[in-house]
Amino acid sequence: MASVFTYDPDPPRVSSPWIQADDADSSPGPGAAVTQTGLLSEYGVTRLEAEPQTGPIEYKLHLLLRSRRSYVYMSTVRQKRDKLHAQPGDVAALYSASPTPSSSNQPRQERLQRLTTQLLWRLQQSSPYHASSSREVRIPKLSDGKGDAEPLDAHGTQMPGLEESQGALYEIGVADDGTLIGLSRDELDESIATLKNMAASLGCGVTVLRMVIVGECEWIDVAEPDGNAVQNPIQVTKQDKLWVAEALITPNTETQRSKSLQGVQSRGGSSGGTPLQSSTSATAPPGHAKSTTPQLRVTLTGPIASGKSSLLGTLSTGTLDNGRGKSRLSLLKHRHEMASGMTSSIAQELIGYKERLIFSFSHRNIESWLDIHDYANNGRLVFMSDSGGHPRYRHTVFRGLMNWAPHWMVLCIAADDAEVAYDMASTVTDSGDADLVKAHLDLSLKLDVPLAIVITKLDLASKASLQKTMTKILAAIRDAKRMPKLLQPDQQPQDQLAEIPQPDWDKVQDYVESIAEQGRPLKHVPIVFTSVLKGVGVGLVHALLASLPLPEMSTTTTPPPPQNGSTETRTQPEQPNDLFHIDDTFNLPRSFDDSLSNADGVIVSGHVGLGSFSVGQTVVVGPFSTGHGRVSASEDQSSPDDRGSPMLDAVAAGHASSGRGVYETPPVIAADEWQRGRIVSIRNLRLPVGTLEAGQVGTIGIVFEQLQTELMLLKTEPPQIRRGMVMAIPPVDALGSQVALQAARGFTAEFDEDAAQFPPSGTTVNVLFACVRTAARIVDVSTQSRGRANETAAASDADKRAEAAGHLSEEKLTKVSVELVHSRKWAELGTSVIIMGNGSQDASGLQGLVGKITDVVT
């Protein structure tokens, strides 16, 4: 059973045992959606192969919830019983001596539960991703009588983890050794009705693929003409055909059922018979399944030894720390992280909330993220990303802050930082001393993302040390013109929290209400004091995560507002309504879809910036460089010294003579800059769904169709997707044709910093925006007065009075134009951008200039 709980890239196929090996490659016929009936002689088999111990095929003599009737004759069973041996009044002996196995004496409800659990196991066998869910299967309540349960509605009751199952085959009327025993028609119909109830409990549907006559049967029934069977029993001999049925159970979605039907039928159809109307369950509702639970993305940042991983481990598992890193053990991915105690990779965890209830791995019924989705339905999901704190791993800091576009940042600062800062600087930096706390704090305050601060290790800090640390933090917050809000814990230890304590909930609700009244979450910085060793303040952090306001996500594209008071605005041309930012790539198993035999697939992870994406849609991915850009799929070009030859062309050679970001030489655009693909799978935070919407994080499986030359019939090299690309659905023009997307070869951004802080023109720098980290060359740096920028006819009276008072005339903004060195990228107006010089004097590696993109050069 190990395969049920692991990932299998090549799960067993759902292949009918009725089909001979020679017919395995036959194409699907027109009868793929109807039940095939016929005689056993038409199939050329006398028995099936023995039932496999593993795999998606199950043999069942019957699925009755009652005892089976006793037959006096069955042509498929060697043992025969002469009906003349039965005496007219010997009813008990007649029904007890059965030549066929009958149902056990277990209660009907217990038998239905066992049969449904067995079906769930078979369905999991044909899924490449076996996720165990602890959600209890909803079994229909049987009445006290002998009647069957009412059919369940399968819509909306699907068990998590079954969405990617290819289905399971049930052979009804077949013994475990493959002997075709058969059932009378009434018992077969009753067994199929039970199977439909079982499937509906799991959110699946049933399609009867074939019904085969395998023999004849005869039994004796008792009639009661006078209403008194004891005094006047009359025995009536009845005859019927013996039937064997094959039923396909699949997740209740139209696309999944269609694919499974085609897969089974393509490996062989019925050898003959008359097609009848299909016996299927109700079809799935229109549209695609999607997660409607609100989702909050949070990135943890902070210097080394600030307790980020320990805090995340305590929040996600409920395990308190022992002072030696016990709570963060579940987050570490590499051996060197355990040895050194330094996090070098990005760890991600999911926590669910519903009112005051907490759903994490501390919950006894939660074993995977799918369970958290299930329990937190219509509540809130919090997707938390950890990052490294050592300057050596600063790329994980920028990746967490930029690539995943967090809704909130949580900056962790140790309460005893003032006592260990100087010793820490000498041990963690490569050269010189660095105030890592100040570097992380300054970077977090510069970004246009709401910030919360968690003071960790409260149990280790003295009052003097805590006061020094808080003085530094409060001064930086006020310099950034933000308002701090202290949330004091009640100093009560909290371990294995199942729900948020009421006092902590009330404190956070008062703070959230004040933010809602002002409508400016960016201006407020909540500060929480915690200790994961004693459990102090953990409930307060849970309350904060469960209540922080979510941004309003737009599903349509609107021009960005003017940035920093500038009057120059541009509507970005060819802006798609649906956009997905790619952060990483993985291989797509060919066993996932039969169509992958002639196509190349890839799984991309990231977040939806605009619109939505659904399974089956055709999308474009790019921008690719010439020849698909043969670069590592996991690393982008961040400097000219990276491995591989730089693709320098007219883009890198052109310079602007006017200093306004206008390039003299047009770029060389590859004909295959954008590649078309088809979406075959979607996961939203590991939950298989049909649609991924704006603001949601997930992975999308894409298939690129292979191109073949007419003469050589050689496959072209598959596209190599890399971090920083986007997936989009191009807009449509007035004529109904898709508009070609134009990537950027440069852009102009506005900054609040003084122009003297920027490198001179011609200098190569690193730029970070969205999921892109690449090298660029400074084209022009200019300074503009914010006050003169507001001197327009549309300027408000308040602006004019402020300028007259000298408040605006002294403020400056810097406009910087850059050109990308290696290749064109997708850039959007209004996106945050960080410019970092290669020769930074800050040993923390976090010194960067943060601005907004205001103009894009295509």
Colleague: Could you check whether any side-chain heavy atom of V816 comes within less than 4.5 Å of a side-chain heavy atom of T748, counting everything from C-beta outward?
Modeller: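 No, every pair of side-chain atoms sits at 4.5 Å or beyond.
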
Colleague: Would D448 and K852 count as a salt bridge (Lys or Arg N to Asp or Glu O under 4.0 Å) if you check the C-alpha gap in whole Å, the side-chain angles of each, and the deciding distance to 0.1 Å?
Modeller: CA-CA 9 Å; D448 191 18; K852 295 281 187 179; 3.2 Å; yes

Colleague: Distance alone, cut at 3.5 Å: any donor-acceptor contact between the side chains of S531 and K457?
Modeller: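 Distance-only check fails for S531 and K457.
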
Colleague: Side chains of I473 and V525: does their closest heavy-atom pair fall under 4.5 Å?
Modeller: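 No, every pair of side-chain atoms sits at 4.5 Å or beyond.
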
Colleague: Ring centres of F580 and H607 under 6.0 Å apart?
Modeller: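 No, the ring centres sit 6.0 Å or more apart.
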
Colleague: Give a yes-or-no answer on whether the side chains of H524 and Y511 include a donor-acceptor pair shorter than 3.5 Å.
Modeller: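 Looking only at side-chain atoms, Y511 and H524 do not form any donor-acceptor pair under 3.5 Å.
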
Colleague: If we only count heavy atoms from C-beta on, is the P406 to V298 side-chain gap below 4.5 Å?
Modeller: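 No. Closest side-chain heavy atoms not under 4.5 Å.
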
Colleague: How about N377 and Y375: do any of their side-chain heavy atoms sit closer than 4.5 Å?
Modeller: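 They are not in side-chain contact.
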
Colleague: Can you tell me if T530 uses its side chain to pair, donor with acceptor, with the backbone of G537 under 3.5 Å?
Modeller: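 Absent.
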
Colleague: As an exercise, state the distance from CD1 of I582 to OG1 of T699, rounded to the nearest 0.5 Å.
Modeller: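 Atom-to-atom, I582:CD1 and T699:OG1 are 12.0 Å apart.
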
Colleague: Whether D583 and R399 form a salt bridge (side-chain N of Lys/Arg under 4.0 Å from carboxylate O of Asp/Glu) is what I want to check.
Modeller: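 Yes.
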
Colleague: So does G302 get a backbone contact from the side chain of K308, meaning a donor-acceptor N/O pair under 3.5 Å?
Modeller: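 Yes: the side chain of K308 pairs with the backbone of G302.
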
Colleague: Taking atom NZ of K354 as the centre, does the number of heavy atoms from other residues, nucleotides or ligands within less than 6.0 Å exceed 12?
Modeller: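 Enclosed.
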
Colleague: Give the intermediate values and the outcome of side chain to side chain contact (heavy atoms under 4.5 Å, CB included) for residues I351 and I372.
Modeller: CA-CA 7 Å; I351 306 174; I372 298 178; over 6 Å; no

Colleague: Are side-chain heavy atoms of W369 and L685 found at a separation under 4.5 Å?
Modeller: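 Sidechains of L685 and W369: in contact.
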
Colleague: Between D386 and S309, is there a side-chain heavy-atom distance shorter than 4.5 Å?
Modeller: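 Answer yes - side chains close enough.
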
Colleague: Find the distance between CZ (R380) and CZ (F359) and round it off to the nearest 0.5 Å.
Modeller: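 Taking CZ in R380 and CZ in F359, the distance rounds to 14.5 Å.
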
Colleague: Strictly distance-based, threshold 3.5 Å: is any side-chain N or O of R723 a donor or acceptor partner for the main-chain N or O of V772?
Modeller: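 Between the backbone of V772 and the side chain of R723 there is no qualifying donor-acceptor contact (under 3.5 Å).
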
Colleague: Do K438 and D442 sit within salt-bridge range, that is, some charged N less than 4.0 Å from a carboxylate O?
Modeller: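 Yes, charged N to carboxylate O under 4.0 Å.
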
Colleague: Looking at NZ of K463 and NZ of K468, how far apart are the two atoms once the value is rounded to the nearest 0.5 Å?
Modeller: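 With rounding to 0.5 Å, NZ (K463) is 15.5 Å from NZ (K468).
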
Colleague: Pairing donors with acceptors under 3.5 angstrom, does anything connect the side chains of E750 and T814?
Modeller: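 There is no such pair (donor and acceptor under 3.5 Å, judged by atom type) between the side chains of E750 and T814.
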
Colleague: Taking the side chain as everything from C-beta on, heavy atoms only, tell me whether L350 gets closer than 4.5 Å to R686.
Modeller: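 Side-chain contact under 4.5 Å: no.
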
Colleague: Rounded at 0.5 Å granularity, tell me how far CG in L370 sits from CG in L687.
Modeller: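 These two atoms lie 6.0 Å from each other.
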
Colleague: Between E499 and R356, is there a side-chain N and carboxylate O pair less than 4.0 Å apart?
Modeller: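 A salt bridge is present here (some side-chain N lies under 4.0 Å from a carboxylate O).
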
Colleague: In Å, rounded to the nearest 0.5 Å, how long is the span from CG of L460 to CG of L466?
Modeller: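 That separation rounds to 11.5 Å.
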
Colleague: For the pair S306 (side chain) and P303 (backbone), establish whether a donor and an acceptor sit closer than 3.5 Å, ignoring hydrogens and angles.
Modeller: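 Yes, the answer is positive, given that a donor and an acceptor are paired below the 3.5 Å cut-off.
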
